[in-house]
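Worth saying up front: this structure is predicted, and the values here are computed from it rather than measured. Note that ligands are numbered from 1 as they come in the structure, with each ligand's atoms numbered from 1 the same way.
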Amino acid sequence: MIVIGSDHGGLSLKSALKSYLERRGCTVADAGTDNDSSVDYPDFGLKVAEMVISGAAELGVLICGTGIGMSIAANKVPGIRAALVTDVFMARMAREHNNANILVLGGRVLDEQKACDLVGAWLDAAFEGGRHQGRLDKITEIEKKYR
Ligand code: RB5
């Protein structure tokens, strides 16, 4: 299952990505927001991050206006590797090298087609492990140091 969440700045892209993911055959959980009233992105970033870290969802997608706030918020949760991407190469690398468990997009930055391409590239890629695992282990050590 993939959980998707946004603030008001990412709402319309969230709807488009939800349909895209369902067309791909994914089961999608929608963590909100569900209307265009102004909301605070950390609330939705936390909700999605907690679903991923608890195992309730395998992966997450977060969208705010730029993607910046959502990535900052989600990355505060230990074990989350949230990657803000703007092109297909970054989306692929986010999985192959960084094993990102949340993809973050900017609803005011990307058009729907581009956003679907980015999510598709991330889902189609696979973590390469090896030297990249060692680097992720070092990130875990940083989390432990400041926990
Ligand atoms: C909301 O106006 C906007 O600040 C938010 O969507 C996001 O871009 C924050 O990083």
Side-chain angles (χ1 to χ4, degrees), residues 1-125 127 132 135-147:
M1 189 227 279
I2 296 184
V3 57
I4 187 165
S6 76
D7 70 356
H8 53 289
L11 179 66
S12 99
L13 193 54
K14 174 162 71 65
S15 309
L17 289 174
K18 207 172 146 186
S19 307
Y20 169 73
L21 287 166
E22 285 165 352
R23 283 199 304 277
R24 278 183 64 116
C26 300
T27 304
V28 183
D30 188 339
T33 189
D34 56 13
N35 64 70
D36 59 10
S37 303
S38 182
V39 289
D40 298 331
Y41 59 80
D43 297 338
F44 298 89
L46 178 63
K47 209 164 163 183
V48 167
E50 286 184 337
M51 281 185 73
V52 171
I53 225 59
S54 71
E58 195 187 334
L59 295 168
V61 175
L62 280 168
I63 312 135
C64 62
T66 58
I68 296 170
M70 281 296 196
S71 58
I72 293 171
N75 278 313
K76 296 296 180 194
V77 176
I80 289 297
R81 293 177 301 278
L84 171 58
V85 302
T86 54
D87 67 38
V88 165
F89 176 72
M90 291 172 77
R92 189 158 53 81
M93 287 299 117
R95 197 76 179 278
E96 290 183 359
H97 287 192
N98 310 111
N99 202 17
N101 46 16
I102 295 183
L103 195 73
V104 190
L105 303 170
R108 296 174 180 153
V109 177
L110 303 168
D111 63 35
E112 289 182 5
Q113 184 56 57
K114 181 83 179 277
C116 293
D117 291 347
L118 300 186
V119 172
W122 174 63
L123 289 178
D124 289 340
F127 181 49
H132 303 296
R135 292 160 187 167
L136 298 189
D137 293 343
K138 290 193 175 190
I139 293 173
T140 305
E141 289 307 312
I142 296 171
E143 288 176 342
K144 283 185 190 155
K145 186 174 176 186
Y146 288 96
R147 200 172 274 187

May I ask whether R108 places a heavy atom under 4.0 Å from ligand 1? yes

Y41, any N or O under 3.5 Å of ligand 1 N or O: no

Which heavy-atom pair separates G69 from C64 by the least distance, and what is that distance? N-SG, 3.9 Å

Polar contact flag for G65 and ligand 1 (N/O pairs, less than 3.5 Å): yes

I'd like to check atom 4 (O) of ligand 1 in this structure: does the protein have a heavy atom lying under 4.0 Å from it? no

So which bit of M70 gets within less than 4.0 Å of ligand 1, heavy atoms only: side chain, backbone, both or neither? neither

Please answer whether the main-chain N or O of V28 pairs with a side-chain N or O of E22 as donor and acceptor at a distance below 3.5 Å. no

Against heavy atoms of D7, which atoms of ligand 1 measure under 4.0 Å? 1 (C), 5 (C), 6 (O)

Tell me if a side-chain donor or acceptor on K18 pairs with a main-chain N or O of L13 at a distance below 3.5 Å. no

Could you identify the single nearest non-hydrogen protein atom to atom 10 (O) of ligand 1 and state the distance to 0.1 Å? G69 N, 2.8 Å

Atom 8 (O) of ligand 1 [closest protein heavy-atom partner, distance rounded to 0.1 Å]: T66 N, 3.0 Å

Among C64, P42, A73, S38, the residue with a heavy atom nearest to atom 7 (C) of ligand 1 is C64

Among all protein non-hydrogen atoms, which one is nearest to atom 1 (C) of ligand 1, and what is the separation to 0.1 Å? H8 NE2, 3.6 Å

Is there a donor-acceptor pair under 3.5 Å between the side chain of R81 and the backbone N or O of N98? yes

Do NZ/NE/NH1/NH2 and the carboxylate oxygens of K144 and E141 come within less than 4.0 Å? yes

Shortest non-hydrogen pair, C26 vs I2, comes out as SG-CD1, 4.0 Å

Check whether N75 reaches the backbone of A82 with its side chain - one donor and one acceptor, N or O, closer than 3.5 Å. yes

Stepwise salt bridge (charged side-chain N to carboxylate O under 4.0 Å, His left out) check, K14 with D7: CA-CA 9 Å; K14 174 162 71 65; D7 70 356; over 6 Å; no

Taking distance alone, with N or O pairs closer than 3.5 Å, would you say G67 contacts ligand 1? no

